[in-house]
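Here's the structure we're looking at; comments come further down.
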Amino acid sequence: MAPTIRSPFRRTLALMASAAILAQAGVSGIAYAQTTPETTAPGVIAPAPATPETVAPAPTPPAPAAPQQTAPIQAAVPNTGPASVADLAEGLLDAVVNISTSQKVKDDEGAGPAPRAPDGSPFQEFFNDFFNKQQGNKGGNHNVSSLGSGFVIDPAGYIVTNNHVIEGADDIEINFANGSKLKAKLIGTDTKTDLSVLKVEPKTPLKSVKFGDSSTMRIGDWVMAIGNPFGFGGSVTVGIISGRGRNINAGPYDNFIQTDAAINKGNSGGPLFNMKGEVIGINTAIISPSGGSIGIGFSVPSELASGVVDQLREYGETRRGWLGVRIQPVTDDIADSLGLDTAKGALVAGVIKGGPVDDGSIKAGDVILKFDGKTVSEMRDLPRVVAESTVGKEVDVVVLRDGKEQTVKVKLGRLEDSDQAAASGDAAPDGSQDDGVITPDPGENNDMDQPDSGDQAKPAPTPDQHKGQVSPDAATPKNVLGLSLSLLSAETRKAFGIAESVDGVVVTEVTPGSASAEKGLKPGDVIVEVAQEFMKSPDAVAAKVQALKQEGRRNAQLMIASANGDLRFVAVPME
C-alpha cells in the first residue's frame with residue numbers, strides 16, 4: 001500500500017513544479033529573450049541550463065483555467081536611464097577643437113653621457129651603434145608635440161584655450177571636428193589665469209559657443225565637458241559641480257569650479273558647459289596620482305575668464321585694476337583684537353608709496369570688508385575683485401577703522417602687465433609681490449604670525465653680538481608680553497640694522513616659549529603701533545597693553561616693522 005500512496009503524491013508534486021516553472025518562464029521570457037548561449041557576449045556568464053537531475057520533464061499542459069483564475073501577463077517596461085544629453089552635445093561638438101602644438105628642441109638639451117652596454121653583451125654592437133649615431137647628431141633639432149583642447153567663441157575664428165597648452169610653441173595647429181585643419185596665431189596670453197586667445201582665418205564662419213554666468217551655478221548642478229583626452233577628439237563626459245571657489249595655488253586669482261565630470265590629459269583648455277550649452281568654465285587642472293581622472297577636476301569660472309578673454313582680444317594683454325596696498329589675512333586672534341565678531345576681510349599691512357591710496361584714503365591697520373559692493377570674506381577675495389575692476393574706475397571701499405565701519409572712495413590704478421612683472425622678478429616697484437593688491441611674500445606664512453622667509457628670516461643681531469655699540473643709557477628696557485623693549489636710538493638702529501625710515505619701539509630680546517615667541521617676534525623687530533595707536537616708548541607699550549586688559553581684550557594687536565620697514569600685524573595673547 002505504501003507505494004500506491006506515495007506514487008500519486010509524487011506525480012502531484014511534479015505537476016505543480018512543472019506548472020510553476022512554465023509560469024515563471026512565461027513571465028520572465030520577455031526580459032531575457034535575447035540571453036541565449038548562442039548570443040551571449042564573450043566574457044559574460046550565461047545562466048546555467050536546467051539539468052534532468054534537478055527538474056522533471058514537463059508534462060502536457062493542463063486545460064485552461066477558469067477566467068477568474070487567469071492573471072494577465074504584462075510586458076516589463078525597459079528602464080531608459082537618465083535623460084539623454086545627445087541633442088545638447090550634438091550642437092556643441094563642432095565648436096570644440098583639438099589644439100596641436102610643436103616646439104623645436106635641441107637634441108643635446110638635457111642630454112647626459114651615452115650609456116654603454118656591458119662588455120660581452122649579445123646586444124652590445126646594436127646598442128653602441130645606436131648611441132654613437134645619436135652622439136653624431138648632437139646639436140641638431142627635433143620637434144616636440146603636445147595636444148590640448150579649445151573652443152571657438154567667435155565665428156570669425158577666435159579660439160580660447162589654456163596658456164599651458166600653447167606655451168613655448170613654435171607652431172600651433174587647430175584640428176576641427178570635420179577633419180579640417182588651420183594654422184593659428186597667438187593673440188594674447190595671461191599666465192596668472194592660465195588663459196590664451198588664438199586666431200585662425202576660416203573660409204566660412206565657424207560654429208561658436210558663448211560664455212554663460214558661472215556665478216549662478218550651484219553645487220550639484222549638472223555640467224558637461226567636451227575635449228580631446230589623450231588625443232581622442234570630441235569626447236563628452238557628464239558630471240556635477242562638486243565645489244566652488246577652490247584655491248589650488250595655481251595663481252593669485254584662484255577661484256576654480258570643481259567637477260567630477262571626467263577630465264584627463266588633453267582636456268586642458270576645453271569647455272565646461274551648463275545644460276543650456278553655455279560655457280561656464282574652462283577645464284584647466286586635475287588631481288590624480290595616476291595621471292587619469294579620479295573625479296576631481298578644476299575649471300576657471302566664466303565670471304573670471306570672460307573678462308580676461310575680452311581684454312586679450314581687444315588689447316592683446318590684460319589691464320587689471322591696482323589698489324596699491326599690502327594685505328594679510330584676518331586671523332581669529334586679530335579679529336578678536338579688532339572687535340570683529342568673526343575673522344573676515346583683508347587687513348591692510350601697508351600702503352605703497354605713490355600708489356592709488358597713498359593719499360590717506362586707506363591706511364595701514366584698516367580692514368577692507370567690501371570693495372565696489374562685493375563682500376571680501378577672506379584675504380584672497382580682494383586681489384581678484386580689484387584685478388577684475390576697470391583701470392581708473394572710482395569705487396567705494398568699506399573699511400573697519402578704529403572699531404567703526406566707514407566708506408571711502410578710491411580711484412584705481414593699473415597693474416603692470418604680468419610679462420613686465422615677470423621680467424622684473426614678478427615684483428612691484430616697492431619689492432612686494434605683484435598680485436593686483438600687493439599680497440604677502442610667497443615665503444611668508446598665511447597667518448603672517450611666523451617669521452619672514454629669506455633674508456628676513458635670519459635672526460637679527462642682538463646687542464650682545466655688537467658689544468660696545470649699545471650703551472646702557474641709550475634705552476630703558478621694559479618687559480611686556482615676553483618682550484624686552486627699548487627706545488629706538490642711533491645705537492639700536494646700528495646694532496640691528498634698522499632703517500632710518502622706521503619709527504617705534506625696538507624689541508631687544510624675546511623670552512623663549514612666550515606668546516610673542518610663538519607668534520614669530522624676534523630681536524630687531526620694531527613695534528610701531530599697539531591697537532592702532534603709535535608707540536613712542538616702552539612705557540607707552542606697557543600702558544596700552546594694560547589698558548587693553550582692563551577693557552577685557554584677550555589679544556593685543558601689534559603693528560610690527562622689520563628692519564627694512566616691511567609691515568605686518570600680529571595679535572599676541574595677553575593671558
Practice task
Using the side chain to side chain contact (heavy atoms under 4.5 Å, CB included) rule, take Val395 and Lys409 through it: C-alpha gap first, then chi angles, then the decisive distance, then the call.
Solution key: CA-CA 6 Å; Val395 298; Lys409 279 200 173 292; over 6 Å; no

Exercise for the section: Take Ser537 and Asp539, measure what side-chain hydrogen bond (donor to acceptor under 3.5 Å, both in side chains) needs, and give me the verdict at the end. Expected result: CA-CA 5 Å; Ser537 67; Asp539 286 335; 5.1 Å; no

Problem - Chi angles and distances behind the side chain to side chain contact (heavy atoms under 4.5 Å, CB included) call for Leu548, Val530 - result: CA-CA 10 Å; Leu548 293 174; Val530 177; 4.0 Å; yes

Practice task
Begin from the C-alpha positions of Phe371 and Arg384 and carry the test side chain to side chain contact (heavy atoms under 4.5 Å, CB included) through to its verdict.
Solution key: CA-CA 11 Å; Phe371 181 89; Arg384 185 173 62 252; over 6 Å; no

Exercise for the section: Evaluate the side chain to side chain contact (heavy atoms under 4.5 Å, CB included) criterion for residues Phe298 and Ile286: first the C-alpha distance (whole Å), next the side-chain angles of each, then the deciding distance (0.1 Å), finally the verdict. Expected result: CA-CA 6 Å; Phe298 300 99; Ile286 61 174; 5.9 Å; no

Exercise for the section: Run the numbers on Arg380 and Glu378 for salt bridge (Lys or Arg N to Asp or Glu O under 4.0 Å), then give the verdict. Expected result: CA-CA 6 Å; Arg380 70 185 185 92; Glu378 53 184 320; 3.6 Å; yes

Exercise for the section: Go through Asp396 and Thr407 one step at a time and tell me if the side-chain hydrogen bond (donor to acceptor under 3.5 Å, both in side chains) criterion holds. Expected result: CA-CA 6 Å; Asp396 290 334; Thr407 301; over 6 Å; no

Handout entry: Pair Lys393-Asp372, salt bridge (Lys or Arg N to Asp or Glu O under 4.0 Å): steps then yes or no
Key = CA-CA 10 Å; Lys393 180 181 180 181; Asp372 198 20; 2.8 Å; yes

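From Ile280, atom CD1 reaches atom CZ of Phe211 across 11.0 Å, with rounding to the nearest 0.5 Å. Atom CG in Leu198 sits 10.0 Å away from atom CD1 in Ile153 (nearest 0.5 Å). Rounding to the nearest 0.5 Å places OG of Ser302 at 8.5 Å from CG of Asn274. Taking CG of Leu382 as the reference point, atom OG of Ser377 lies at 11.5 Å (rounded to 0.5 Å). From Ile296, atom CD1 reaches atom OG of Ser288 across 9.0 Å, with rounding to the nearest 0.5 Å. Atoms CG and CD1, from Leu272 and Ile282 in turn, are 10.0 Å apart once rounded to the nearest 0.5 Å.
At distances below 3.5 Å, at least one donor-acceptor pair connects side-chain atoms of Asp194 with backbone N or O atoms of His164. The backbone N or O of Val510 sits nowhere less than 3.5 Å from a side-chain atom of Ser514 that would complete a donor-acceptor pair. Of the possible donor and acceptor atoms, one in the side chain of Thr161 sits under 3.5 Å from a partner among the backbone N and O of Ser149. Between the side chain of Asp358 and the main chain of Gly354, a donor-acceptor pair closer than 3.5 Å is present. Side-chain N or O atoms of Thr237 include one that pairs as donor or acceptor with a backbone N or O of Ala262 at under 3.5 Å. At distances below 3.5 Å, at least one donor-acceptor pair connects side-chain atoms of Asp254 with backbone N or O atoms of Asn249. Side-chain atoms of Thr331 come within 3.5 Å of backbone N or O of Ile334 as a donor-acceptor pair. For Asp359 (side chain) and Ser361 (main-chain N/O), a donor-acceptor pair under 3.5 Å exists by modelled atom type. The backbone N or O of Asp190 sits nowhere less than 3.5 Å from a side-chain atom of Thr318 that would complete a donor-acceptor pair. Using a distance-only test at 3.5 Å, with no hydrogens or angles considered, a donor-acceptor pair links the side chain of Asn283 to the main chain of Pro271.
Contact record, Asn162 with Gly269: OD1-N, 2.8 Å, taken as the closest heavy-atom pair. In this structure, Met574 and Lys549 approach most closely via the heavy-atom pair O-CE, 3.5 Å. Nearest approach of Val197 to Leu186, heavy atoms of both residues: O-CD1, 3.7 Å. Across every non-hydrogen atom of Met535 and Ile527, the tightest pair is CB-O, 4.2 Å. Nearest heavy atoms, Leu347 versus Pro329: CB-O, 4.4 Å. Minimum interatomic distance between Leu312 and Leu195 (heavy atoms only, all atoms of both residues): CD1-O, 4.0 Å.
Glu500 is listed as a side-chain neighbour of Arg493, based on a closest heavy-atom distance under 4.5 Å. Between Pro252 and Lys192 there is a side-chain heavy-atom pair separated by less than 4.5 Å. Annotation: side chain of Trp322 is not in contact with side chain of Val391 (no heavy-atom distance under 4.5 Å). Side-chain contact between Val348 and Ile362 is present, with heavy atoms from C-beta onward closer than 4.5 Å. Val505 is not listed as a side-chain neighbour of Val526, based on a closest heavy-atom distance of 4.5 Å or more. Between Ile352 and Val325 there is no side-chain heavy-atom pair separated by less than 4.5 Å. In this structure the side chain of Phe273 reaches within 4.5 angstrom of the side chain of Val209, judged on heavy atoms. Residues Lys536 and Asp503 are not in side-chain contact: their nearest non-hydrogen atoms beyond the backbone lie 4.5 Å or more apart.
Looking at Lys544 and Glu533, a side-chain N of the basic residue comes within less than 4.0 Å of a carboxylate O on the acidic one, giving a salt bridge. With respect to Lys522 and Asp525, a salt bridge is recorded, a charged nitrogen being found less than 4.0 Å from a carboxylate O.
For the pair Arg319 and Tyr315, the cation sits on the ring face: its NZ or CZ lies under 6.0 Å from the ring centre, inside 45° of the axis.
Under the side chain to side chain donor-acceptor pair (under 3.5 Å) criterion, the residue pairs touching residues 256-265 are Arg246-Gln258, with sequence neighbours excluded. Sorted by first and then second residue, the pairs that involve residues 300-312 and meet salt bridge (charged side-chain N to carboxylate O under 4.0 Å, His left out), not counting sequence neighbours, are Arg244-Glu303.
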